[in-house]
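Data block below; observations after.
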Amino acid sequence: MKSDLDSQTYDRWLIDSCIYQDNTLAIELVGGILSKEKEDIDLGEGNIIKGVYRVEPKGPRYRVYFDDVVFIQVFDECANKGQDDEFRDEGVIGQYKSSSLLSYIKSETLIMDITPGELLHFEVRTGEDWFHVVTREEPSITKTVT
């Protein structure tokens, strides 16, 4: 799904807030800008990443809003296998034409029996987390004022 968020790569988008309420999901994103100086990041237990640039939340802000959310699954950006990527649209927000998640929901849950309508699987990728959202409507993307 093409959007204004594609002005930079997914790993430059940071999550400002995320609110799920009454079957709606609002993800507030802020664009990240690389710091000017390298630094070392201490991950603990003697693990240090040396000479990296921090991504600072100083860019544009957007709200990604989903209505009629049926299912949400969130993974750390590093924990994703990229499963079913060949069926995913390009972009920060991608729609899957087919996915193992959609197959699971249709075969192993009662969702299709209790609510009508076609299910859509979207994924919002950020530098922190990847959101898998199953809904019946495309999300809206709005630039927010800072």
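Owing to the predicted nature of the structure, the values given are computational and were not obtained by experimental measurement.
Listed by chain and residue number, nothing satisfies the side-chain hydrogen bond (donor to acceptor under 3.5 Å, both in side chains) test with Asp6 (two or more places apart in sequence, or in another chain). Every residue two or more places apart in sequence or in another chain that forms a side chain to side chain contact (heavy atoms under 4.5 Å, CB included) with Ile141 is listed here: Met1, Ser3, Leu5, Tyr62, Val64, Ile93. The side chain to side chain contact (heavy atoms under 4.5 Å, CB included) check on Tyr104 picks up Glu108, Thr109, with sequence neighbours excluded. Take Glu118 and apply the salt bridge (Lys or Arg N to Asp or Glu O under 4.0 Å) test, not counting sequence neighbours, and it matches Lys106. Residues satisfying the side-chain hydrogen bond (donor to acceptor under 3.5 Å, both in side chains) criterion with Glu137, sequence neighbours excluded, are absent altogether. For Tyr10, the ring-ring contact (aromatic ring centres under 6.0 Å, His included) partners are Trp130, not counting sequence neighbours. By the salt bridge (Lys or Arg N to Asp or Glu O under 4.0 Å) test, Asp11 pairs with no residue at all, sequence neighbours left out. Looking at residues two or more places apart in sequence or on another chain, you find a side chain to side chain contact (heavy atoms under 4.5 Å, CB included) between Thr115 and Ile111, Arg136. The side chain to side chain contact (heavy atoms under 4.5 Å, CB included) test applied to Ser7 returns Trp13, not counting sequence neighbours.
Within the structure, every pair that satisfies the side-chain hydrogen bond (donor to acceptor under 3.5 Å, both in side chains) test and touches residues 29-42, not counting sequence neighbours, is listed here: Glu39-Arg54.
The distance from atom CE of Met112 to atom CG of Leu119, rounded to the nearest 0.5 Å, is 4.5 Å. Taken to the nearest 0.5 Å, the CD atom of Gln73 stands 12.0 Å off from the CG atom of Asp129. Rounding to the nearest 0.5 Å places CG of Leu101 at 10.0 Å from CD of Glu123. Distance check, rounded to the nearest 0.5 Å: CD1 of Ile19 to CZ of Arg63 gives 8.0 Å. Here the CD1 atom belonging to Ile72 is positioned 8.5 Å from the CZ atom belonging to Phe131, to the nearest 0.5 angstrom.
Val52 shares a hydrophobic cluster with Ile41, Leu43, Ile49; the chain of contacts runs through ILVMFWY side chains whose heavy atoms sit under 4.5 Å apart. Hydrophobic cluster of Tyr65: no remaining members, since no ILVMFWY side chain lies below 4.5 Å from it.
Listed here is the closest heavy atom pair of Lys58 and Ile33: O-CD1, 3.5 Å. The two residues Cys18 and Leu25 have their closest heavy-atom pair at SG-CD1, 3.5 Å. The nearest pair of heavy atoms linking Gly32 to Val55 is CA-CG1, 3.4 Å.
Under the 4.5 Å side-chain heavy-atom criterion for Ile, Leu, Val, Met, Phe, Trp and Tyr, Val92 and Val30 are members of distinct hydrophobic clusters.
Other residues, nucleotides and ligands place more than 12 heavy atoms under 6.0 Å from the NZ atom of Lys97.
Counting heavy atoms from C-beta outward, Asp16 and Arg61 have side chains that approach closer than 4.5 Å. Residues Lys143 and Asp4 have side chains not in contact (no heavy-atom distance under 4.5 Å, counting atoms from C-beta outward). With a 4.5 Å cut-off on side-chain heavy atoms, His121 and His132 count as touching.
The backbone N or O of Gln21 lies less than 3.5 Å from a partner atom in the side chain of Thr24, making a donor-acceptor pair.
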Checking Val69 against Tyr20 for the side-chain contact (heavy atoms from CB on, under 4.5 Å) test, could you report, in this order, the C-alpha distance in whole Å, the side-chain angles of both residues, the deciding distance, and whether it holds? CA-CA 9 Å; Val69 174; Tyr20 174 73; 4.0 Å; yes

Go through the steps to decide whether Leu120 and Val134 satisfy the test side-chain contact (heavy atoms from CB on, under 4.5 Å), and finish with yes or no. CA-CA 5 Å; Leu120 307 172; Val134 177; over 6 Å; no

Worked check of side-chain contact (heavy atoms from CB on, under 4.5 Å) between Asp67 and Thr135: CA-CA 7 Å; Asp67 199 12; Thr135 180; 5.7 Å; no

Could you please spell out the steps behind the side-chain contact (heavy atoms from CB on, under 4.5 Å) verdict for Leu14 and Glu128? CA-CA 6 Å; Leu14 305 172; Glu128 299 167 310; 4.0 Å; yes

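Classified by interplanar angle (parallel below 30°, tilted 30° to 60°, perpendicular above 60°), the ring pair Phe122/Phe66 is tilted.
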